[in-house]
Amino acid sequence: MPGKPVVTPFFHRASNTWSYVVRDPASTAAAIIDAVLDFDAPSGRTSTTSAQAVVDHVAAEGLDVRWLLETHAHADHLSAAHWLKETHYPTATLAIGEGIRAVQKAFRPIFNLGEHFPVDGSQFDHLFTDDETFAIGGLQARVIAVPGHTSDSNAYLIGDALFTGDSLFMPDGGTARCDFPGGDAATLYRSIQRLFALPAGTRVFVCHDYGPGGREVACETSIDAQKRGNIHVRDGVSEADFVAVRTARDATLAMPALLLPSVQVNIRAGALPEPEGNGVRYLKLPIDQFGKP
């Protein structure tokens, strides 16, 4: 029988992101998933208020953070993983899926980062392969590659809890967009079928929720609930139907407000660019590269 981790969610309202502390109930071992670095785009200011709330919880519970896990290189918020490792958890392993190499290769020319910017994933401590296993104390965890939203997307099955990243939202929220570089709706459909093959009672924790219809934001559902009620990909929806719906939906979506700052930080494992000669760090804004003309 799989273990039942203790899961504590944290909601970042500015980006509608859920971060998680996942702990082994039989020990102090824990992991942090998809932590957020606060970023105010108009001023260019960063802050660690949201990440500090996670740190405070870890300290209050006396946890030993073994892993800093990223489900993918997010396009809607800056990752706090680098800050967490540098300031609080230097022995934790900062990890993402091996597909990050493809994301780095796609975005290096867009941001003109130059040949000196590595595209081998070496900014991270570890790159997971599909079906790789690891442990959080006595909890067994498995990596499930779920490309489609992005080429580096992973889900983490930790005991009976599945952390889907952006692949699945709450059932009334549907699924993630597939129009970013490396995205593909048919690939996402096939990835989700792998998740739907898990036991019906598997707890599902999503990375984002937008409170469709005005309901309160939520983070937890189940494989059974997804298969019965996901508005995009429930049982009985064919791959062709999903692709048609997803493609039509994506055509109506604006680019995420923080895509440009987020991606160039997140392909660095959450590290900000190095300071220039005046001691200031700069993010790049490529002109006329995204969006509709």
Side-chain angles (χ1 to χ4, degrees), residues 17 19-20 22 31-37 51 65-87 89-136 141-158 163-167 176 178 180-184 187-188 191 194 207 256 258-274 281 283-284 286:
T17 300
S19 304
Y20 299 97
V22 185
I32 298 173
I33 301 177
D34 289 336
V36 178
L37 182 71
V65 176
R66 307 281 181 84
W67 294 90
L68 298 168
L69 302 174
E70 295 290 301
T71 54
H72 63 296
H74 307 272
D76 43 32
H77 68 267
L78 280 63
S79 168
H82 178 80
W83 179 80
L84 290 170
K85 184 175 176 71
E86 288 291 300
T87 61
Y89 313 117
T91 62
T93 301
L94 200 172
I96 198 169
E98 62 180 353
I100 188 63
R101 297 177 181 130
V103 178
Q104 291 172 330
K105 289 176 183 176
F107 280 95
R108 181 168 70 176
I110 290 173
F111 293 115
N112 196 31
L113 298 177
E115 292 299 316
H116 64 279
F117 180 83
V119 291
D120 58 2
S122 57
Q123 298 86 345
F124 297 82
D125 297 325
H126 185 75
L127 302 184
F128 286 120
T129 58
D130 186 25
D131 276 329
E132 185 174 345
T133 59
F134 62 103
I136 304 171
R142 178 165 69 95
V143 178
I144 305 173
V146 286
H149 169 57
T150 62
S151 54
D152 64 333
S153 292
N154 275 342
Y156 297 109
L157 180 63
I158 304 172
F163 299 87
T164 64
D166 285 9
S167 300
C178 298
F180 296 153
D184 180 77
T187 300
L188 179 60
S191 293
R194 295 187 67 193
C207 189
L258 294 185
L259 181 143
L260 295 174
S262 295
V263 171
Q264 60 188 298
V265 168
N266 294 341
I267 60 176
R268 293 177 166 96
L272 298 174
E274 289 297 317
R281 303 175 190 270
L283 294 171
K284 293 186 175 184

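All residue numbers in this chain count up from 1 along the given sequence. Predicted model only: the values in this text are computed from it and were never measured.
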ask   = Can you name the closest pair of heavy atoms from Ala145 and Asn154 and give their distance?
value = CA-OD1, 3.4 Å

Of all pairs that satisfy salt bridge (Lys or Arg N to Asp or Glu O under 4.0 Å), the ones with a partner from residues 109-118, not counting sequence neighbours = Arg108-Glu115

task = Test His149 against every option in Thr164, Thr71, Asp166 by the side-chain hydrogen bond (donor to acceptor under 3.5 Å, both in side chains) rule and name the one that passes.
result = Asp166

request  = Mark yes or no for whether Arg281, through its side chain, and Pro273, through its backbone, hold a donor-acceptor pair below 3.5 Å.
outcome  = yes

inquiry  = I need the minimum non-hydrogen distance between Ile136 and Ala31, along with the two atoms involved.
reply    = CD1-CB, 3.7 Å

inquiry  = Taking Arg142 first and then Asp131, would you say they form a salt bridge - that is, a charged N and a carboxylate O separated by under 4.0 Å?
reply    = yes

Side chain to side chain contact (heavy atoms under 4.5 Å, CB included) evaluation trace for Val263 with Ile110 = CA-CA 11 Å; Val263 171; Ile110 290 173; over 6 Å; no

query = How many angstroms lie between OG in Ser153 and CD in Glu70, if you round to the nearest 0.5 Å?
reply = 11.5 Å

task = Check the pair Leu68, Ile32 against side chain to side chain contact (heavy atoms under 4.5 Å, CB included), reporting the backbone distance first and the verdict last.
result = CA-CA 5 Å; Leu68 298 168; Ile32 298 173; 4.0 Å; yes

task = Calculate, to the nearest 0.5 Å, the distance between atoms CG and CG belonging to Leu272 and Leu78 respectively.
result = 7.0 Å

Minimum-distance pair of heavy atoms, taken over all atoms of Ala102 and Ser151 = CB-OG, 3.7 Å

query = What distance do His72 atom NE2 and Cys207 atom SG have between them, rounded to the nearest 0.5 Å?
reply = 6.0 Å

inquiry  = Under a 3.5 Å distance rule, please check whether Gln264 uses its side chain to pair with a backbone N or O of Lys284 as donor and acceptor.
reply    = yes

ask   = Rounded to the nearest 0.5 Å, how far does CZ of Arg66 lie from CZ of Phe134?
value = 12.5 Å

message = So, taking the atom named CD1 in Ile100 and the one named CG in Leu127, what distance separates them when rounded to the nearest 0.5 Å?
response = 8.0 Å

task = Would you check, one step at a time, whether the test ring-ring contact (aromatic ring centres under 6.0 Å, His included) holds for Trp67 with Tyr156?
result = CA-CA 12 Å; Trp67 294 90; Tyr156 297 109; 8.8 Å; no

request  = Show your reasoning for whether side chain to side chain contact (heavy atoms under 4.5 Å, CB included) applies to Ile267 and Leu113.
outcome  = CA-CA 11 Å; Ile267 60 176; Leu113 298 177; 4.0 Å; yes

ask   = Is any side-chain heavy atom of Leu283 closer than 4.5 Å to a side-chain heavy atom of Leu260?
value = no

note = On a heavy-atom basis, the closest approach of Pro256 and Ala75 is CB-O, 3.5 Å

query = Does Asp152 reach the main-chain N or O of Ala73 with its side chain, forming a donor-acceptor pair under 3.5 Å?
reply = yes

request  = For side chain to side chain contact (heavy atoms under 4.5 Å, CB included), just list the numbers for Val265 and Ser79, CA-CA rounded to whole Å, side-chain angles, deciding distance to a tenth of an Å, and then say yes or no.
outcome  = CA-CA 8 Å; Val265 168; Ser79 168; 5.8 Å; no

note = Distance col, row Phe128:CZ vs Ile144:CD1, nearest 0.5 angstrom, shows 12.5 Å

task = Just jot down the ring pair (Phe, Tyr, Trp, His ring centres under 6.0 Å) partners of Tyr20, sequence neighbours excluded, or say none.
result = Phe163, Phe205

ask   = Can you tell me if Asn266 uses its side chain to pair, donor with acceptor, with the backbone of His77 under 3.5 Å?
value = yes

message = I'd like to know if the side chain of Lys85 reaches the main chain of Leu94, judged simply by a donor and an acceptor atom lying under 3.5 Å from each other, with no hydrogens or angles considered.
response = no

message = Checking Phe111 against Phe117 for the ring-ring contact (aromatic ring centres under 6.0 Å, His included) test, could you report, in this order, the C-alpha distance in whole Å, the side-chain angles of both residues, the deciding distance, and whether it holds?
response = CA-CA 11 Å; Phe111 293 115; Phe117 180 83; 9.4 Å; no

key: Thr129 backbone acceptor or donor facing Glu98 side chain under 3.5 Å   = no

inquiry  = Quick check: closest heavy atoms across Ala51 and Trp83, and the distance to 0.1 Å?
reply    = CB-CZ3, 3.6 Å

query = Looking at residues at least two apart in the chain, or sitting in another chain, which of them share a salt bridge (Lys or Arg N to Asp or Glu O under 4.0 Å) with Asp130?
reply = Arg194

inquiry  = Do Pro286 and Phe107 have side chains that approach each other closer than 4.5 Å (heavy atoms only, starting at C-beta)?
reply    = no

